[in-house]
Amino acid sequence: MGLMTSEDWAAMNADLMAIRGDNPVSIEIRRGSSTLAAQTVRVAGRKFRADTFDSAGGEQTVGTATLLGDMALDIEVADRFTVGEVLYEVHFIEGNRMAGVRAQLRVIE
């Protein structure tokens with residue numbers, strides 16, 4: 001387990017879940033043709049780039065955000081979900097899930 005004890009990981013998990021609980025949203029992840037049961041996460045740090053891309057449906061403005069969830073969060077790269085009117089796509093999931101799950105998102109408007 002290295003320098004971190006199980007108590008350290010548990011304390012970090014409690015801290016991350018408190019942060020998630022400060023502004024939680026319930027999401028239903030779309031994975032291919034399936035929709036997963038609702039899960040609670042926090043989506044934060046939305047930033048937009050000036051890049052606009054042509055797509056099949058017109059233009060898209062793309063940004064980034066971070067997702068925070070508990071260790072059992074069922075999420076994979078390329079999953080998509082919507083919060084309000086904003087579409088998010090999972091771009092990268094950090095490998096260490098011992099204190100929770102952090103993922104980098106593409107924000108597609």
Side-chain angles (χ1 to χ4, degrees):
M1 191 173 289
L3 299 175
M4 301 288 288
T5 67
S6 57
E7 292 82 15
D8 293 333
W9 289 113
M12 288 176 66
N13 176 259
D15 289 344
L16 289 173
M17 293 307 94
I19 292 168
R20 182 194 73 176
D22 186 47
N23 191 13
V25 294
S26 179
I27 63 169
E28 292 180 348
I29 291 175
R30 295 182 299 282
R31 182 176 297 154
S33 61
S34 301
T35 301
L36 307 182
Q39 303 179 84
T40 301
V41 299
R42 179 174 183 163
V43 176
R46 259 178 68 176
K47 297 177 185 169
F48 288 96
R49 296 189 314 256
D51 301 335
T52 301
F53 301 95
D54 289 329
S55 68
E59 292 184 341
Q60 294 179 336
T61 301
V62 178
T64 60
T66 300
L67 175 141
L68 178 64
D70 67 25
M71 294 178 285
L73 182 67
D74 185 359
I75 194 165
E76 296 178 4
V77 171
D79 284 350
R80 288 181 163 213
F81 61 91
T82 304
V83 176
E85 305 263 334
V86 180
L87 173 63
Y88 295 90
E89 181 178 68
V90 180
H91 176 64
F92 176 79
I93 302 169
E94 295 193 19
N96 184 338
R97 293 182 176 219
M98 294 184 73
V101 174
R102 284 188 38 195
Q104 298 304 311
L105 308 172
R106 287 189 179 116
V107 182
I108 304 168
E109 295 229 340

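Every value quoted in this text rests on a predicted model; they were computed, and no experiment measured them.
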What's the separation between atom OH in Tyr88 and atom CD in Gln104, rounded to the nearest 0.5 Å?
13.0 Å

Are the side chains of His91 and Thr64 in touch, meaning some heavy atoms are under 4.5 Å apart?
no

I need the Ile108 CD1 to Arg80 CZ distance, nearest 0.5 Å.
4.5 Å

Between CD on residue Glu28 and OG1 on residue Thr35, distance to nearest 0.5 Å:
7.0 Å

To the nearest 0.5 Å, tell me how far Arg31 CZ sits from Ile29 CD1.
6.0 Å

Once rounded to the nearest 0.5 Å, what's the spacing between atom CD1 of Ile75 and atom CZ of Arg97?
7.5 Å

Between Thr82, Leu36, Asp79, which is the residue that forms a side-chain contact (heavy atoms from CB on, under 4.5 Å) with Arg30?
Thr82

Is any side-chain heavy atom of Val25 closer than 4.5 Å to one of Phe81?
no

Heavy-atom closest contact (Gln39 atom, Leu73 atom, distance)
OE1-CD1, 3.2 Å

Please test Val101 against Ile93 for side chain to side chain contact (heavy atoms under 4.5 Å, CB included), starting from the C-alpha separation and ending with a verdict.
CA-CA 7 Å; Val101 174; Ile93 302 169; 4.2 Å; yes

Can you tell me how far apart CG (Asp70) and CZ (Arg42) are? Round to the nearest 0.5 Å.
15.0 Å

Locate the shortest heavy-atom distance separating Ala103 from Val90; write the atom from each residue and the value.
CB-CG1, 4.3 Å

Would you say Val41 and Val77 are hydrophobically clustered, going by side-chain heavy atoms of ILVMFWY under 4.5 Å?
yes

Minimal heavy-atom distance between Thr40 and Pro24, with the atoms involved, is CG2-CB, 3.7 Å

In this structure, would Val83 and Val107 fall into the same cluster of hydrophobic residues linked by side-chain contacts under 4.5 Å?
yes

Side-chain contact test, heavy atoms from C-beta onward, threshold under 4.5 Å: evaluate it for Leu67 versus Ile27 and give yes or no.
yes

